[in-house]
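First up is the structure itself, then whatever we jot down about it.
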Amino acid sequence: PYTTLFRSYSVLIHCSDGWDRASQVTAFSQLLIDPFYRTIKGYMILIEKDFLSYGHQFRYRNGFYSNVDSPQNAVNENQFSPIFLQWLDAVYQLMIQN
């Protein structure tokens with residue numbers, strides 16, 4: 001995803017799998033750069049745009065899977081990676097500091 005910065009510079013953020021860490025970094029950057037995303041409506045849009053629309057796998061990344069889930073995902077238990085929870089904590093830390 002492209003994010004326009006001051007002086008009309010653009011930034012390309014790319015991660016190996018394409019959605020987990022990239023969503024985390026771009027969402028946090030947009031929160032810092034654009035005051036709109038610091039409103040309740042903007043915050044909801046940011047989560048929808050950068051996590052839900054990109055297909056973030058909340059269930060698997062947070063460890064909420066079982067044997068009845070799709071076999072390829074259930075057996076691969078190393079999909080646990082709390083990217084969204086880390087992002088929420090970063091937002092919380094930013095709020096506390098400011």
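For clarity, every value in this text was computed on a predicted model and none was experimentally measured.
The structure places CD1 of I47 at 6.5 Å from CG of L88, a figure rounded to the nearest 0.5 Å. Here L32 contributes atom CG and R38 contributes atom CZ; the two are 7.0 Å apart, rounded to the nearest 0.5 Å. Atom CE of M95 and atom CG of L31 lie 9.5 Å apart (nearest 0.5 Å).
When hydrophobic clusters are built by joining Ile, Leu, Val, Met, Phe, Trp and Tyr residues whose side-chain heavy atoms come closer than 4.5 Å, directly or via intermediates, Y92 is not grouped with Y43. If you chain together hydrophobic residues whose side chains sit under 4.5 Å apart, F84 and M44 never meet in one group.
Within the 4.5 Å cutoff, the side chain of L46 has no heavy atoms near those of the F36 side chain. Counting only heavy atoms from C-beta outward, the side chains of D50 and Y37 never approach each other to under 4.5 Å.
D34 places no side-chain N or O within donor-acceptor distance of the main-chain N or O of Q30, the cut-off being under 3.5 Å.
Shortest non-hydrogen contact noted between W87 and F28 is NE1-N, 3.4 Å.
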